[in-house]
Amino acid sequence: MSFHHCHRDPQPQLGLTPERLQAQRQLCAACAVCCIFMAGEVVGGYLAHSLAIMTDAAHLLADVGSMMGSLFSLWLSTRPATRTMTFGWHRSETLGALASVVSLWMVTGILLYLAFIRLLHSDYHIEGGAMLLTASIAVCANLLMAFVLHQAGPPHSHGSRGAEYAPLEEGPGETLPLGNTSVRAAFVHVLGDLLQSLGVLAASVLIYFKPQYKAADPISTFLFSICALGSTAPTLRDVLRVLMEGTPRSVGFEPVRDALLSVPGVRATHELHLWSLTLTYHVASAHLAIDSTADPEAVLAEATSRLHSRFGFSCCTLQVEQYQPEMAQCLRCREPPQA
């Protein structure tokens, strides 16, 4: 009987993975840019008496807070597993992304309220020139941050590499949403801010040439804040899927089951569970019922290899047991129904 050790990687990787180091650099650079231009917008918004400019500055403040929270969660995720936190701290990255989305929702709710108040009362004055200059700088700042946070697709990878996995074999499922969750959430933040900045710029041009249309200031705040809220929907959907321990979007239940059943010697599989710690750190566990003549170590080695190479699972726990005819009638061994 051949010996098969349970770990594919010879040694655990200490510290941040290359992907997370890149995410840390991106977040630090974007946070520095955000702080500088946020201070400029606060000053410009005060001088221009523009609510739209101040709301843009408030969104930048929310970005700074969320990115700092993301940096903290990245650091926290490098802590080793303990007897209490047996999976380590990987999911802190997902919680950081959720905090980023929630903070944007809270700030946007306040800004929508203030914009509504301005629409009801017209006793305010807008300095068109200062507003136009500040809005132009804000657009440039958001473009710069979007460039810093933009993530290209990762290179092709060989082997299981945890959070930076790239699949070896293209399966029938969806494309894996690669990239660090915190950076993705921050990028969505910046895209929302860029949309609002463009709206503020258009409103500032209108107010500069037609001061009587000063209502464009709260109207632009209202419209583009709604767009910013909508832009968070994909990130929120993915984060909630991870927190609810749903099957990864890029991995189907049936393909994984069929891959396990195709291993020589495997008669049936049950207790198959697929979930994620982050968008790119996938975990699987299952029971494999094998023939009495099959080599358990060979079955375990082949099944683990297929899960790693075909689907990129970072952690696999497989239990090998002898097949019993009564398994076909066991209620607990049946597959879960479709959602």
Side-chain angles (χ1 to χ4, degrees), residues 1-10 12 81 83-88 90-91 94 159-163 165-177 238 240-339:
M1 183 179 294
S2 60
F3 177 77
H4 170 68
H5 192 55
C6 58
H7 304 296
R8 288 179 60 85
D9 297 325
R83 295 182 182 181
T84 302
M85 309 294 289
T86 55
F87 274 110
H90 295 283
R91 193 161 282 177
T94 305
S160 175
R161 300 175 62 186
Y165 149 73
L168 291 178
E169 303 180 26
E170 297 297 332
E174 304 173 49
T175 303
L176 184 65
D238 290 340
L240 291 179
R241 191 184 188 102
V242 171
L243 294 179
M244 292 298 295
E245 303 202 350
T247 300
R249 292 181 59 212
S250 60
V251 179
F253 183 90
E254 291 80 6
V256 174
R257 176 203 61 196
D258 295 341
L260 293 174
L261 290 175
S262 65
V263 175
V266 175
R267 292 282 302 276
T269 179
H270 58 97
E271 297 291 340
L272 176 58
H273 299 286
L274 314 173
W275 72 100
S276 300
L277 296 183
T278 70
L279 284 181
T280 55
Y281 194 104
H282 300 166
V283 185
S285 67
H287 290 198
L288 303 180
I290 63 174
D291 292 323
S292 58
T293 57
D295 182 354
E297 291 292 341
V299 169
L300 178 61
E302 179 62 21
T304 302
S305 176
R306 293 189 183 193
L307 291 181
H308 279 289
S309 62
R310 295 188 182 184
F311 305 101
F313 284 103
S314 304
C315 180
C316 303
T317 303
L318 302 177
Q319 176 177 313
V320 179
E321 56 196 25
Q322 292 294 326
Y323 177 77
Q324 303 293 334
E326 55 266 24
M327 287 181 176
Q329 306 300 324
C330 178
L331 295 179
R332 298 190 61 179
C333 293
R334 293 183 179 178
E335 294 182 3
Q338 292 283 350

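Residue numbers start at 1 and run along the sequence shown.
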Spatial distance of atom CH2 (W275) from atom SG (C315) [nearest 0.5 Å]: 7.0 Å

Reference residue F311; test side-chain contact (heavy atoms from CB on, under 4.5 Å); the match among P248, S250, P255: P255

Under 4.5 Å between any side-chain heavy atoms of [X] and [Y], yes or no?
X    : Y    : value
F313 : L274 : yes
F253 : L272 : yes
V251 : V256 : yes

Which atom of [X] lies closest to which atom of [Y], heavy atoms considered:
X    : Y    : result
H282 : S276 : CD2-OG, 3.1 Å
L307 : A284 : CD1-CB, 4.5 Å
L300 : T304 : O-OG1, 2.8 Å

Sequence neighbours excluded - salt bridge (charged side-chain N to carboxylate O under 4.0 Å, His left out) pairs with any residue from residues 263-275: R267-D291

Under 3.5 Å: donor-acceptor pair, side chain of H273, backbone of S285: no

S305 backbone acceptor or donor facing S309 side chain under 3.5 Å: yes

For T269, side chain to side chain contact (heavy atoms under 4.5 Å, CB included) partners two or more places apart: R257, L260, L261, A286, L288

L243: side chain to side chain contact (heavy atoms under 4.5 Å, CB included) partners, not counting sequence neighbours: R91, T94, L95, L98, V239

Residue list, salt bridge (charged side-chain N to carboxylate O under 4.0 Å, His left out) with D258, at least two apart or on another chain: none

R241: partners by salt bridge (charged side-chain N to carboxylate O under 4.0 Å, His left out), with sequence neighbours left out: none

Using residues 320-327 as the side-chain source, report each donor-acceptor pair under 3.5 Å to any protein atom, sequence neighbours left out, with the distance given to one decimal.
{"from": "E321", "atom 1": "OE1", "to": "Q319", "atom 2": "NE2", "distance (Å)": "3.0"}
{"from": "E321", "atom 1": "OE2", "to": "H270", "atom 2": "NE2", "distance (Å)": "2.7"}
{"from": "Q322", "atom 1": "OE1", "to": "S292", "atom 2": "N", "distance (Å)": "3.4"}

Pairing residues for S262 by the side-chain hydrogen bond (donor to acceptor under 3.5 Å, both in side chains) criterion, not counting sequence neighbours: R306

